[in-house]
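I have placed the structure first, in the form of structure tokens, so that the comments after it can refer back to it.
The chains referred to below are lettered A, B, ... by the order of the sequence lines, with proteins before strands, and numbering in each begins at 1.
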2 protein chains.
Amino acid sequence: MADARGNRPPARPAPRPTVRRRDGAPAGTGEVTPGGGPLYRQVKEQLVREIAQGRYPVTDPLPSEQKLAARFGVAQGTVRRALDDLVRDNLVIRHQGRGTFVHAHGPERDRFHFFHLVAADGERRLPASRVLSVTRRRANQDEALALEIPPQDRIVEIRRVRDLMARSAILETIVVPDALFPDLGSLPKTQVPNTLYQLYQDRFGVIIHRAVEKITAQAAGRDDVTYLGLDRGAPLLLIERIAQTLDGTPVELRSSRCDTRHLAYFSDIL
Amino acid sequence: MADARGNRPPARPAPRPTVRRRDGAPAGTGEVTPGGGPLYRQVKEQLVREIAQGRYPVTDPLPSEQKLAARFGVAQGTVRRALDDLVRDNLVIRHQGRGTFVHAHGPERDRFHFFHLVAADGERRLPASRVLSVTRRRANQDEALALEIPPQDRIVEIRRVRDLMARSAILETIVVPDALFPDLGSLPKTQVPNTLYQLYQDRFGVIIHRAVEKITAQAAGRDDVTYLGLDRGAPLLLIERIAQTLDGTPVELRSSRCDTRHLAYFSDIL
DNA sequence: TCATATAACTCTTATAGAAGACTTAGAGTT
DNA sequence: AACTCTAAGTCTTCTATAAGAGTTATATGA
């Protein structure tokens with residue numbers, strides 16, 4: 001009982017209320033309500049929702065910590081905690097003195113974060129792309145399932161060859177729902193940029209946040225022989241990627257067939 | 001000038017001192033000295049050093065935040081910041097009410113964090129292992145280079161076949177420096193456990209913290225035919241891993257040759 | 001065994017100064 | 001008049017501290 005904090009009843013009957021607020025706070029647009037749990041997490045989840053629905057364009061900053069704190073009716077430190085989490089999750093990026101921004105795609109991020117194939121010399125460069133075709137067609141069974149769209153829904157398919165070190169090294173097929181990317185199917189081959197995720201973001205407001213890759217070894221087939229110059233039956237690396245947005249909706253299917261004679265997939269386990 | 005913070009001279013001459021301490025702190029065993037930079041980072045780095053040198057066994061907790069704060073002569077919140085970073089880096093794990101522990105290896109962690117091969121049915125189980133041989137020999141050029149040991153130094157080589165879903169699916173060769181793992185080379189085949197990293201940790205005090213994997217497609221050779229039942233020349237996945245301790249020393253080379261007909265490597269990009 | 005107490009850890013709030021980035025006003029030059 | 005440079009001011013995030021309230025695991029005693 002020599003505790004400076006005084007006597008704290010140990011078996012406190014009152015459970016923590018689902019939502020608490022700073023006492024005198026006017027509680028702006030009461031948005032810290034869902035679920036319960038720690039305040040900072042409620043704030044975080046609300047911010048994720050708002051970012052997911054495209055409320056903050058990547059060009060200008062989120063409201064300052066002060067303003068967010070006032071809006072949510074919590075202390076600035078709590079907002080800070082939430083924002084720190086968002087930084088950890090690669091959702092936002094902060095610049096001291098400038099503000100906090102939704103983490104946008106660009107050559108930098110795409111090369112280091114979403115592209116794991118590295119040339120034999122160890123250089124990490126983003127390969128040049130040669131688009132073979134851009135097609136609009138109906139999804140097959142597997143595609144509809146993976147993209148969580150109704151069967152027979154329209155999709156856009158992009159096929160391209162990517163060069164690394166002046167060699168055709170990757171044969172890539174990309175499938176996205178037509179509904180999410182209007183006009184993409186009508187884009188001329190020459191207009192398809194190298195960094196697709198940046199295109200998704202800038203032109204269609206779709207931000208790729210997460211991707212799952214399934215990697216297997218395959219024997220080279222007809223197309224691989226044609227486009228990659230492999231011998232028939234030669235081993236190649238097949239990477240099947242499903243890319244998702246912030247809210248977990250799958251929006252892109254990508255299969256990359258790689259000649260790994262001068263190339264390797266790198267994975268860092270931290 | 002109506003700022004409540006008052007007039008702050010903009011061109012302040014005094015730079016931040018390299019090391020600061022709370023004013024009256026006796027500064028225990030002055031250990032927050034290196035480098036400079038934010039206090040919380042200095043604390044973090046010192047803790048990493050201490051963990052790396054095995055100062056805290058995985059069985060019992062680190063000193064409480066209070067004690068660490070007192071020892072380093074900083075506020076508890078600062079220690080907390082440092083510990084949060086260590087949690088993020090997978091170095092320690094915290095249990096409310098129990099304490100903070102060095103994050104130990106075990107079946108759980110090894111299965112989900114360090115083992116990325118998943119059976120076709122999606123189940124993530126750790127495969128059973130059948131050890132073929134345990135050998136002590138001299139390192140070749142490549143091995144010495146990768147392990148950063150003198151050429152011709154002794155190493156221990158373990159070869160094993162791992163079964164997934166009652167199929168021989170992975171042919172694995174593991175190479176570690178003999179110096180770091182005394183007696184490992186004399187271990188009978190039947191005594192080699194399935195989760196090696198746990199063995200490294202419990203028996204030799206070596207904690208694997210990070211691994212880099214290089215993945216390519218290869219054609220099946222003689223051993224692959226023998227042990228995996230593949231046809232000669234069939235495609236297989238080759239995973240070459242270098243595992244490191246906390247301080248970045250490479251301590252294990254592991255090459256896994258996988259039959260990916262009923263198996264795939266999964267990579268999650270967050 | 002069950003209740004209680006204690007000692008950790010976790011969460012929230014508050015405050016204050018440091019440091020970086022941008023804007024604006026004004027002096028000076030072209 | 002138009003332009004350039006600099007200083008001051010303001011806004012932002014970053015760092016550090018402190019303290020109280022809440023939660024959880026464990027030891028203690030009836």
Notebook entry, point to check: Near DNA chain C, which residues from residues 82-90 of chain B have a heavy atom under 4.0 Å away?
Noted result: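 Result for residues 82-90 of chain B: none.
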Nearest whole Å is fine: how far is [N] [atom2] from [X] [atom1]?
X: B:Arg41; N: D:dA16; atom1: CZ; atom2: C1'; answer: 14 Å
X: A:Gln66; N: D:dC11; atom1: CD; atom2: P; answer: 11 Å
X: A:Asp60; N: D:dT12; atom1: CG; atom2: C1'; answer: 15 Å
X: A:Gln76; N: D:dA16; atom1: CD; atom2: P; answer: 16 Å
X: A:Leu62; N: D:dC11; atom1: CG; atom2: P; answer: 19 Å
X: B:Ile93; N: C:dC9; atom1: CD1; atom2: P; answer: 15 Å
X: A:Glu65; N: C:dT13; atom1: CD; atom2: P; answer: 14 Å
X: A:Leu39; N: C:dT10; atom1: CG; atom2: P; answer: 18 Å

Notebook entry, point to check: Which sits closer to the 5' end of DNA chain C, B:Gln96 or A:His95, going by the nucleotide each is nearest to?
Noted result: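 Its nucleotide being nearer the 5' end, the pick is B:Gln96.
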Item checked: Under the side chain to side chain contact (heavy atoms under 4.5 Å, CB included) test, residues paired with A:Asp247 that sit two or more places apart ->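 A:Asp247 satisfies side chain to side chain contact (heavy atoms under 4.5 Å, CB included) with A:Thr245, A:Thr249 once adjacent residues are dropped.
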Notebook entry, point to check: By side chain to side chain contact (heavy atoms under 4.5 Å, CB included), which residues pair with A:Asp60, not counting sequence neighbours?
Noted result: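 Here the qualifying residues are A:Pro57.
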Next item on the list: For A:Gln46 and A:Glu50, test the side chains for any donor-to-acceptor distance below 3.5 angstrom and give the result as yes or no.
Entry: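 There is such a pair (donor and acceptor under 3.5 Å, judged by atom type) between the side chains of A:Gln46 and A:Glu50.
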Less than 4.0 angstrom between a side-chain N/O of [X] and OP1 or OP2 of [N], yes or no?
X: B:Arg94; N: C:dT10; answer: yes
X: A:Lys67; N: D:dT12; answer: yes
X: B:Ser64; N: C:dA8; answer: no
X: B:Arg81; N: D:dT15; answer: yes

Next item on the list: Name the nucleic acid region contacted by A:Arg80, choosing base, sugar-phosphate or nothing; use a 4.0 angstrom heavy-atom cut-off, strictly under.
Entry: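 Base contact.
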Next item on the list: Scan A:Thr100 against the nucleic acid and name what it touches under 4.0 Å (heavy atoms): base, sugar-phosphate only, or nothing.
Entry: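 Sugar-phosphate contact only - A:Thr100 comes under 4.0 Å of backbone atoms but never of a base.
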Note to self: Would you compute the distance between atom CD1 of B:Ile208 and atom NE2 of B:His113 and round it to the nearest 0.5 angstrom?
What the structure shows: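 That separation rounds to 12.0 Å.
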Notebook entry, point to check: Of A:Arg98 and B:Thr78, whose closest DNA chain D nucleotide lies nearer the 5' terminus?
Noted result: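 Between the two, 5'-proximity favours A:Arg98.
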Check: With under 30° as parallel and over 60° as perpendicular, where do the rings of A:Tyr200 and A:Phe181 fit, or are they tilted in between?
Finding: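 Because their plane-to-plane angle lies in the 30° to 60° range, the rings of A:Tyr200 and A:Phe181 count as tilted.
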Next item on the list: Classify the angle between the aromatic ring planes of B:His105 and B:Phe114 as parallel (below 30°), tilted (30 to 60°) or perpendicular (above 60°).
Entry: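 Taking B:Phe114 first and then B:His105, their aromatic rings sit tilted (interplane angle of 30° to 60°).
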Notebook entry, point to check: Are B:Glu65 and B:Arg94 ion-paired here, with the side-chain N under 4.0 Å from a carboxylate O?
Noted result: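 Yes, this pair counts.
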